[in-house]
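Everything numeric in this text was worked out from a predicted model, so none of it was measured.
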Amino acid sequence: MGRRPLPGRRAEICRTAAQIIQARGFEATSLADIARALGLTKSGLYHYTSSKHALLFEIMTFGMDQIDAEVVAPVRNIADPAERLYELVNRHIRIATRAGGAVAQLADEVKSLPAVSRRQVQQRMREYVTFVHGIVEELAAAGR
């Protein structure tokens, strides 16, 4: 976990593309639609991404990076598991609702990724679920 942060323009591209894909679906969204929403030409958008699939992968990676940086890292060292879970849920909700929640709501679009990219995103999702599950197990073991 812990990837590089996206510069402002790339983050804007990911959030804008996520909103459009969330509203229309991946298959119904073109790079021209995304470019237009960003005030770019389609050629200009190709400066930032090589394909629609590459952009979807970057969006999903961006989302998981945000979860790592803003949810997992800050709560990892909270000693009390109940407090850790409470803080995790609050932080996750803040991320999930940012920019209309579009990045968070794209989990269903993972099926549109090529196999290698899909496995990478699914692995990161599993790591996060395992982290949350560990907190719940810790609470259960303590009878809480």
Side-chain angles (χ1 to χ4, degrees), residues 1-140:
M1 295 198 209
R3 309 258 195 262
R4 84 250 175 308
L6 288 179
R9 185 64 167 156
R10 292 193 78 79
E12 176 190 5
I13 290 167
C14 284
R15 285 190 180 108
T16 300
Q19 289 170 338
I20 296 168
I21 293 168
Q22 187 241 344
R24 298 180 187 174
F26 180 75
E27 295 303 325
T29 301
S30 70
L31 282 179
D33 297 329
I34 296 166
R36 196 170 21 263
L38 290 160
L40 296 171
T41 63
K42 191 173 170 184
S43 314
L45 184 57
Y46 276 113
H47 173 75
Y48 295 96
T49 189
S50 60
S51 70
K52 188 168 78 163
H53 287 96
L55 182 56
L56 180 61
F57 179 69
E58 185 167 15
I59 291 165
M60 292 187 165
T61 299
F62 171 73
M64 294 306 300
D65 290 349
Q66 295 303 302
I67 288 172
D68 288 346
E70 297 179 37
V71 178
V72 175
V75 306
R76 185 176 301 281
N77 295 318
I78 296 174
D80 178 51
E83 184 182 335
R84 192 176 333 125
L85 183 61
Y86 177 82
E87 188 64 23
L88 180 138
V89 169
N90 280 324
R91 288 173 172 274
H92 187 100
I93 288 168
R94 274 185 255 148
I95 284 179
T97 57
R98 185 182 301 149
V103 172
Q105 294 175 27
L106 289 183
D108 289 343
E109 295 292 356
V110 74
K111 68 187 180 310
S112 299
L113 290 171
V116 172
S117 299
R118 184 174 53 247
R119 282 192 297 274
Q120 289 175 348
V121 170
Q122 288 171 328
Q123 176 60 36
R124 290 190 71 189
M125 289 176 170
R126 275 191 299 276
E127 289 170 5
Y128 182 60
V129 169
T130 299
F131 179 73
V132 175
H133 190 257
I135 298 170
V136 173
E137 283 182 332
E138 192 176 343
L139 284 165

*Asks:* Can you measure from CD1 (Ile34) to OG1 (Thr29) and round to the nearest 0.5 angstrom?
*Replies:* 6.0 Å

*Asks:* Less than 4.5 Å apart, any side-chain heavy atom of His47 and any of Thr41?
*Replies:* no

*Asks:* Taking all heavy atoms of Ala35 and all of Leu45, pick out the closest pair and write down the distance.
*Replies:* N-CD2, 3.9 Å

*Asks:* How would you list, by chain and number, every residue that makes a side chain to side chain contact (heavy atoms under 4.5 Å, CB included) with Ser51, sequence neighbours excluded?
*Replies:* His53, Ala54

*Asks:* Between Arg76 and Asp68, is there a side-chain N and carboxylate O pair less than 4.0 Å apart?
*Replies:* no

*Asks:* Would you list the pairs meeting salt bridge (Lys or Arg N to Asp or Glu O under 4.0 Å) in which at least one residue belongs to residues 17-32, sequence neighbours left out?
*Replies:* Arg24-Asp33

*Asks:* Search all heavy atoms of Ala17 against all heavy atoms of Ile59 and return the closest pair with its distance.
*Replies:* CB-CD1, 3.6 Å

*Asks:* Do Arg84 side-chain atoms and Ala79 backbone N/O form a donor-acceptor pair below 3.5 Å?
*Replies:* yes

*Asks:* Find the distance between CD (Gln122) and OG (Ser117) and round it off to the nearest 0.5 Å.
*Replies:* 11.0 Å

*Asks:* Under the side chain to side chain contact (heavy atoms under 4.5 Å, CB included) test against His92, which residue among Val75, Ile67, Val72 passes?
*Replies:* Ile67

*Asks:* Indicate the atoms forming the closest heavy-atom contact of Ala69 with Pro74, along with that distance.
*Replies:* O-CD, 3.3 Å

*Asks:* Evaluate side chain to side chain contact (heavy atoms under 4.5 Å, CB included) for Leu88 paired with Tyr128, printing each intermediate quantity in order.
*Replies:* CA-CA 11 Å; Leu88 180 138; Tyr128 182 60; 3.8 Å; yes

*Asks:* Please confirm whether the backbone N or O of Phe26 pairs with a side-chain atom of Glu109, one donor and one acceptor, at under 3.5 Å?
*Replies:* yes

*Asks:* Rounded to the nearest 0.5 Å, how far apart are CE of Met64 and CD1 of Ile95?
*Replies:* 10.0 Å

*Asks:* My understanding is that only residues two or more places apart in sequence, or in another chain, count here; which of them pass side-chain hydrogen bond (donor to acceptor under 3.5 Å, both in side chains) with Gln123?
*Replies:* Arg126, Glu127

*Asks:* Once rounded to the nearest 0.5 Å, what's the spacing between atom CD1 of Ile13 and atom OG1 of Thr49?
*Replies:* 8.5 Å

*Asks:* Can you tell me how far CG of Asp108 sits from CD1 of Ile21, rounded to the nearest 0.5 angstrom?
*Replies:* 13.0 Å

*Asks:* Report the C-alpha distance between Leu85 and Glu138 in whole Å, list the side-chain angles of each, state the deciding distance to 0.1 Å, and finish with yes or no for side chain to side chain contact (heavy atoms under 4.5 Å, CB included).
*Replies:* CA-CA 10 Å; Leu85 183 61; Glu138 192 176 343; over 6 Å; no

*Asks:* Quick check on side chain to side chain contact (heavy atoms under 4.5 Å, CB included): which of Glu12, Glu58, Arg9 does Tyr48 satisfy it with?
*Replies:* Arg9

*Asks:* Which distance, rounded to the nearest 0.5 Å, do you find between the OG1 of Thr61 and the CG of Leu56?
*Replies:* 9.0 Å

*Asks:* Please name the pair of heavy atoms, one in Leu113 and one in Arg118, separated by the smallest distance, quoted to 0.1 Å.
*Replies:* O-NH1, 2.7 Å

